[in-house]
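Beneath this line is the structure, given in structure tokens, with notes to follow.
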Amino acid sequence: MNATPKIRLRDVRKSFGSKRVLAGIDLDIAKGESVVVIGGSGTGKSVMIKSIIGIILADSGVIEVDGQDVTQVPASQRDEVNRKFGMLFQGGALFDSLPVWENVAFGVIQREHIGRKQAKDRAIETLAKVGLSADVAELSPSELSGGMQKRVGLARAIAGEPEIVFFDEPTTGLDPIMADVINDLIISVVKKQGITALSITHDMHSARKIADRITMLYEGKLIWDGPAGTVDNSGNPYVQQFVNGAAEGPIKMQVRR
Amino acid sequence: MNFLALIGSVVLAFLGHLGRLTIFTATALSHCVRPPLYPRHIGRQMIDIGYYSLPVVGLTAIFSGMVLALQSYTGFARFAAGSETAVANVVIISLTRELGPVLAGLMVAGRIGASMAAEIGTMRVTEQIDALTTLSTNPFKYLVVPRLIAGLLMLPALVLVADIIGVFGGFVVSVYKLGFNPAAYITNSYDMLEPLDVISGLVKAAVFGFLIALMGCYAGYHSKGGAQGVGAATTNAVVSSSILILTFNYIITELFFGT
Ligand SMILES: Nc1ncnc2c1ncn2[C@@H]1O[C@H](COP(=O)(O)OP(=O)(O)O)[C@@H](O)[C@H]1O
Ligand SMILES: [Mg+2]
């Protein structure tokens with residue numbers, strides 16, 4: 001790889017009090033690549049993504065986006081960086097005080113100061129991309145099913161035409177069919193448009209489907225990294241245990257605290 | 001040894017809170033004076049705080065005015081039989097200086113402080129606040145500043161209304177129950193009233209309104225850990241703003257009237 005990676009992490013560390021969550025993350029993501037981070041619940045997958053976006057400040061390490069170290073960017077210019085990002089949050093994180101269309105158009109309204117009528121048209125266009133009709137636009141997020149909320153969240157994430165989209169457990173909590181619909185949508189809106197994607201999940205079916213490359217987070221480090229097709233023959237006992245969903249293996253679940 | 005450790009950890013926790021609150025306040029204030037502001041949000045909050053608090057503040061005020069008239073009449077009867085002038089004066093001065101702002105402040109703290117903490121706290125634990133940041137929106141500007149401004153502006157308005165309703169309550173009891181002369185009661189009320197009585201009350205109200213919104217936003221913003229965390233944030237907001245209201249009430253009184 002000689003081109004500058006879209007995202008480059010070097011030795012990123014983060015602790016909360018005495019609890020070490022990220023213990024030196026190294027990761028390169030090329031432009032247009034779709035990388036999926038797998039790992040158990042509470043291993044710090046969300047913390048990793050939030051450090052890149054700047055919602056959580058890493059304790060140390062380098063986080064580069066297009067070759068620019070974003071940890072050194074002053075707060076006043078941070079927004080320039082954030083415009084490149086879109087994020088689908090784990091629980092959707094839709095604004096429940098606003099109708100669906102305002103959720104989708106939120107970032108566009110903030111950035112481009114366009115009129116409400118125009119913003120609404122844009123929102124309806126974006127909703128169509130995730131397979132939702134214009135009727136949904138006026139509803140409140142609380143009136144939507146879980147799958148529809150994810151789709152609206154996805155629409156909101158891509159409405160600002162980001163270069164990089166982060167997906168935090170996009171299929172968690174959905175039935176298998178809806179989960180696959182979301183997988184297909186991710187592929188259609190992200191991969192086909194050349195958007196760089198970093199997803200985190202513990203759903204192996206989803207990971208195999210949307211990833212070009214899979215990497216596994218365990219005890220604060222990325223312990224394995226390889227093309228999506230090789231995840232089943234990784235030769236790494238931790239990955240093997242995770243992929244097969246076995247209780248027996250090197251990963252010991254803390255059942256009791 | 002353990003006892004000392006306990007004291008130490010309590011002191012540290014308190015200092016930690018104080019530090020976070022100071023940073024929170026400074027950040028919020030710095031965003032109050034930098035565009036963009038969100039007029040629509042300020043308007044919505046003003047309606048929430050001002051208009052929808054009217055019934056509860058009005059009821060509090062009218063009963064306070066009524067009981068003040070009754071209490072001061074029976075109380076004064078012990079040494080200066082049935083002083084009509086004194087009753088009217090006591091009612092209007094206690095209301096404008098003290099009871100109007102303090103009671104309205106405490107009622108609004110329960111109503112608005114709690115709901116702010118619950119709303120912002122829920123947004124925190126459901127990652128909506130994180131989502132704002134990713135959508136080029138500063139959560140301080142979008143959530144905190146409109147509430148602070150609305151609190152600061154609307155509480156004085158509420159207190160002004162409360163003063164009037166409270167005086168009316170005193171008037172009703174004095175005239176219909178105690179048999180005072182209505183015209184004399186009104187003249188007595190306004191003759192003794194000084195502008196500073198009302199102004200000090202309104203200044204208090206503005207400070208209380210700011211404190212209520214500040215503590216509501218702060219508790220919500222720093223809440224964590226799901227529904228339980230939001231519940232705790234709500235309680236913290238109400239308790240801390242009530243204590244601050246009573247503390248600042250003394251401080252402001254001292255500044256205005258202390259010799
Ligand atoms: N803001 C925070 N403050 C303290 N601890 C946190 C915070 N965010 C996450 N953690 C802790 O970091 C660990 C990893 O969390 P997270 O990244 O959400 O896990 P997951 O891999 O399931 O997404 C958890 O143990 C969590 O308690
Ligand atoms: Mg997570």
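Only heavy atoms go into these numbers, but all of them, side chains included; no hydrogens, no water, no symmetry mates. Here is the naming used below: chain letters follow the sequence lines, and residue numbers restart at 1 for every chain.
For A:Phe16, the CZ atom is densely surrounded, since the number of other residues' heavy atoms within 6.0 Å is greater than 12. More than 12 heavy atoms of other residues, nucleotides or ligands shown are found within 6.0 angstrom of CD on A:Gln193. Atom CZ of A:Arg13 is surrounded by more than 12 heavy atoms from other residues, nucleotides or ligands within 6.0 Å. For NZ of A:Lys84, the number of neighbouring non-hydrogen atoms (other residues, nucleotides, ligands) closer than 6.0 Å is greater than 12. Crowding of A:Glu161 atom CD: a count of heavy atoms from other residues, nucleotides or ligands under 6.0 Å not exceeding 12. More than 12 non-hydrogen atoms from other residues, nucleotides or ligands lie less than 6.0 angstrom from OH of B:Tyr38.
Ranked by heavy-atom pairs shorter than 4.5 Å toward chain A, the options B:Thr137, B:Ile129, B:Thr133 are led by B:Thr137. Contacts with chain B were tallied for A:Asp79, A:Ile109, A:Asn82; A:Asp79 has the most, counting heavy-atom pairs under 4.5 Å. Counting heavy-atom pairs under 4.5 Å between each of B:Thr122, B:Thr134, B:Asn138 and chain A puts B:Thr134 at the top.
Under the 30°/60° scheme for interplanar angles, the aromatic rings of B:Tyr142 and A:Phe106 are found to stand perpendicular.
With rounding to the nearest 0.5 Å, the separation of CG in B:Asp130 from CD1 in A:Ile49 is 12.0 Å. Between the CZ atom of A:Arg111 and the CG atom of B:Leu135 there is a distance of 6.0 Å, given to the nearest 0.5 Å.
Contacts from residues 8-23 of chain B to chain A, taken as heavy-atom pairs separated by less than 4.5 Å, involve no residues at all.
Contact record, A:Gln110 with B:Ser136: CB-O, 4.1 Å, taken as the closest heavy-atom pair. Across all non-hydrogen atoms, the minimal contact from B:Ala131 to A:Ala93 is CB-O, 3.9 Å. Between B:Gln128 and A:Leu94 the shortest heavy-atom distance is CD-O, 3.2 Å.
Residues A:Lys50 and B:Glu127 form a side-chain contact, since some pair of their non-hydrogen atoms from C-beta on lies under 4.5 Å apart. Under the 4.5 Å side-chain criterion, counting only non-hydrogen atoms from C-beta, A:Phe95 is in contact with B:Met123.
Only the backbone of B:Thr126 has a heavy atom closer than 4.5 Å to any heavy atom of chain A. A:Ile56 does not touch chain B: none of its heavy atoms, backbone or side chain, sits under 4.5 Å away.
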